[in-house]
2 protein chains.
Amino acid sequence: MGTTPSSPDSTDHGTPALAMSAGLDQPEHQRLLAAEEDIQARLGDHSIDFVSLAAVSNIYRAAAAVRRRAEREILAEVNLSWGGFTILWVLWVWGEMETARLAGECDLAKGTLTGMVSTLEKQGLVERQRVEEDRRRVTVTLTSDGLALIEDVFPRFNRYEVAVTTGLSPQDKQELARLLRTVTTNAGS
Amino acid sequence: MGTTPSSPDSTDHGTPALAMSAGLDQPEHQRLLAAEEDIQARLGDHSIDFVSLAAVSNIYRAAAAVRRRAEREILAEVNLSWGGFTILWVLWVWGEMETARLAGECDLAKGTLTGMVSTLEKQGLVERQRVEEDRRRVTVTLTSDGLALIEDVFPRFNRYEVAVTTGLSPQDKQELARLLRTVTTNAGS
DNA sequence: TCTAGATCGTTTGGTACCTAACTAAAACGA
DNA sequence: TCGTTTTAGTTAGGTACCAAACGATCTAGA
């Protein structure tokens, strides 16, 4: 993902900013209202749904933060990109897989996948095989090096997932996943 | 967002896959358990926190889905990237701003911002001014064209934010934002 | 005043990502 | 049986993104 809008919600990272935070402390809350009124005034008769704005904007911010730190602290030292890691993980869980389905599982465009599989192939972590019955198609499998790597990295990654969800109860986490799934479906994955 | 791992959670997009979905229907649920046991077996004595995995993986998936569709259906027709839109939005809400803070508000690396501001400048949507007192620094402002554009686009973007959160109550949306803010903080924005 | 260090924004180099165009293979139809 | 259409994966072109190196400017300390 790159980074981006979803309208800023900067209370989350220190600076003043829009403050959709629903913070409980008074000054925070006042600033929230001030900003909202400010925007509202600027928009005239158009009405803005700040609650939806806050929900959506935080999705992007969280995703970017989680990804950046994972790349820096876990993936970089094994020389794996976020996308590369995903591919290894999917192949590890589901085994040999054709390119088209692999792209779907990894949520990547097929053209993107081609390049990333090539990179992993050069690194000796995966292998391509043409399908005999239909020579247009290609399957991808983990090599033993790839297997060893993902078995080493994934537990660390999962510990990181636990770390970034600190402060959320198991119920919170399930609720979070559920709400996000609805959004993903609405956006039409 | 880019796209990526956070371990797949593909029930969300049709294909078989990991199915952390907490689906209620029976076959779905069985598949979930089977997959979990499968991975667990593969990992031997390492234990995996599937709830955290599902929470985190869905963040990325949702962010990517939301972004892709926004770029395609809203931003493309006004020739704006997600990042470019964010910059205009921040400047619109907060007014003239120095580069460093703008990068922070937009959640972008400063080097990234430089290029994107240059693009927007070429499009005539923003302007740069050197700060008199400290000639290292630069402020960025909206031009009248930039102002007109963001006033036109933002209401549409907000309607889109409402659309992708369809099915979530206002309380759900606030809860979603709250949970995500915790994650962002944990990941150290 | 002079200089060493800190602090700006920009540049650079590299990856990742998407879309659209392309190539090759299979499937279909007359 | 031969074209046409469909369906694979790859390639090409462009943007976005980050991190690290760079150059210019300010600031301290002597």
Side-chain angles (χ1 to χ4, degrees), chain A residues 1-5 60-61 63-65 67-73 75-77 79-87 97-104 106-123 126 128-140 189, chain B residues 1-5 60-61 63-65 67-73 75-77 79-87 97-104 106-123 126 128-140 189:
Chain A
M1 253 125 166
T3 292
T4 308
Y60 207 90
R61 219 171 256 292
R67 175 177 174 158
R68 270 197 293 263
R69 182 154 163 203
E71 286 178 333
R72 225 178 328 118
E73 296 187 4
L75 271 16
E77 67 184 70
N79 202 31
L80 229 42
S81 69
W82 179 264
F85 171 76
T86 312
I87 292 170
M97 193 174 286
E98 289 188 13
T99 306
R101 181 167 162 225
L102 185 55
C106 296
D107 199 19
L108 291 170
K110 60 180 185 169
T112 303
L113 189 81
T114 295
M116 300 186 57
V117 167
S118 297
T119 301
L120 292 173
E121 207 173 21
K122 282 187 202 106
Q123 294 175 301
V126 303
R128 271 186 247 242
Q129 295 94 19
R130 285 236 163 249
V131 173
E132 285 306 323
E133 316 84 76
D134 182 346
R135 302 189 47 73
R136 290 171 303 183
R137 294 187 291 168
V138 168
T139 61
V140 185
S189 178
Chain B
M1 239 33 89
T3 291
T4 308
Y60 207 89
R61 220 171 255 293
R67 174 175 174 161
R68 271 197 293 262
R69 181 154 165 203
E71 286 177 334
R72 226 179 328 119
E73 296 187 5
L75 270 19
E77 65 184 72
N79 203 29
L80 230 41
S81 69
W82 180 263
F85 171 76
T86 312
I87 293 170
M97 193 174 286
E98 288 188 14
T99 307
R101 182 167 161 225
L102 185 56
C106 296
D107 197 21
L108 291 170
K110 59 181 185 170
T112 302
L113 190 82
T114 296
M116 300 185 57
V117 168
S118 298
T119 301
L120 292 173
E121 205 173 24
K122 281 186 203 108
Q123 294 175 300
V126 304
R128 270 187 248 242
Q129 296 95 17
R130 284 235 164 251
V131 173
E132 285 306 324
E133 317 85 75
D134 182 346
R135 303 187 45 73
R136 291 170 302 182
R137 294 188 291 169
V138 167
T139 60
V140 184
S189 178

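So you know, we letter chains A, B, ... as the sequences are listed, proteins then strands, and number each from 1.
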Checklist entry - Rounded to whole angstrom units, what separation is found between the NZ atom of A/Lys110 and the P atom of D/dT6? => result 15 Å
Checklist entry - Roughly how many Å is it from CG in A/Asn79 to P in D/dC18, rounded to a whole number? => result 19 Å
Checklist entry - Of A/Thr119 and B/Ala100, whose nearest nucleotide on DNA chain C comes first from the 5' end? => result B/Ala100
Checklist entry - Are the side chain of B/Gln123 and the backbone of B/Asn79 linked by a donor-acceptor contact shorter than 3.5 Å? => result yes
Checklist outcome for this item: A/Arg67 CZ to D/dA19 P, in whole Å, measures 11 Å
Checklist outcome for this item: B/Arg137 CZ to C/dT7 P, in whole Å, measures 13 Å
Next on the checklist: The test is side-chain contact (heavy atoms from CB on, under 4.5 Å); show your working for B/Glu98 and B/Asp134 and say whether it passes.
Outcome noted: CA-CA 12 Å; B/Glu98 288 188 14; B/Asp134 182 346; over 6 Å; no
Next on the checklist: If you compare every side-chain N and O of B/Arg68 against the phosphate oxygens of C/dC18 (OP1, OP2), does one of them come in below 4.0 Å?
Outcome noted: yes
Checklist outcome for this item: Closest to the side chain of A/Leu108, out of D/dC17, C/dT10, C/dC17, is C/dC17
Checklist outcome for this item: B/Glu132 meets the side-chain hydrogen bond (donor to acceptor under 3.5 Å, both in side chains) criterion, sequence neighbours left out, with none
Next on the checklist: Without decimals, in angstroms, what is the distance between A/Gln123 CD and C/dA16 C1'?
Outcome noted: 14 Å
Checklist entry - Within the pair B/Arg101 and C/dC8, is there a side-chain N or O less than 4.0 Å away from OP1 or OP2? => result no
Checklist outcome for this item: Note: for B/Glu98 and A/Val131 on DNA chain C, the residue whose nearest nucleotide lies more 5' is B/Glu98
Item to check | Minimum-distance nucleotide to A/Met116 side chain [options: C/dA26, C/dC17, C/dC8] | outcome: C/dC17
Acceptor/donor pairs from residues 110-119 of chain B side chains to any protein atom, 3.5 angstrom cut, sequence neighbours excluded:
| from | atom 1 | to | atom 2 | distance (Å) |
| --- | --- | --- | --- | --- |
| B/Thr114 | OG1 | B/Lys110 | O | 3.3 |
| B/Ser118 | OG | B/Thr114 | O | 2.9 |
| B/Ser118 | OG | B/Arg128 | NH2 | 2.5 |
| B/Thr119 | OG1 | B/Gly115 | O | 3.1 |

Next on the checklist: Heavy atoms only, 4.0 Å cut-off, all strands: where does A/Arg128 land among base, sugar-phosphate and nothing?
Outcome noted: sugar-phosphate
Next on the checklist: Between A/Glu71 and A/Asp134, which residue's closest nucleotide on DNA chain D lies nearer the 5′ terminus?
Outcome noted: A/Asp134
Checklist entry - Checking only heavy atoms, does the side chain of B/Arg136 share a donor-acceptor pair with the base of C/dT7 at less than 3.5 Å? => result yes
Checklist entry - Short question: side chain of B/Arg130, backbone of B/Arg136 - any donor-acceptor pair under 3.5 Å? => result yes
Checklist entry - For D/dA20, does OP1 or OP2 lie under 4.0 Å from any side-chain N or O of A/Arg72? => result no
Next on the checklist: For D/dG9 and A/Thr114 - does any side-chain N or O of the residue sit under 4.0 Å from the phosphate oxygens OP1/OP2?
Outcome noted: no
Checklist outcome for this item: Of A/Gly111 and B/Gly115, the one whose nearest nucleotide on DNA chain D sits closer to the 5' end is A/Gly111
Next on the checklist: Applying a 4.0 Å non-hydrogen cut-off, can you work out what B/Thr112 is touching in the nucleic acid: base, sugar-phosphate, or nothing?
Outcome noted: base
Next on the checklist: Between P on D/dT25 and CD on B/Glu133, what's the gap in Å once rounded to a whole number?
Outcome noted: 15 Å
Item to check | Distance, rounded to the nearest Å, where B/Arg61 contributes CZ and C/dC17 contributes C1' | outcome: 16 Å
Item to check | Whole-Å gap separating C1' (D/dA16) and CG (B/Leu113) | outcome: 12 Å
Next on the checklist: Taking A/Cys106's backbone N and O only, do any of them form a donor-acceptor pair with A/Thr86's side chain (distance below 3.5 Å, no angle check)?
Outcome noted: no
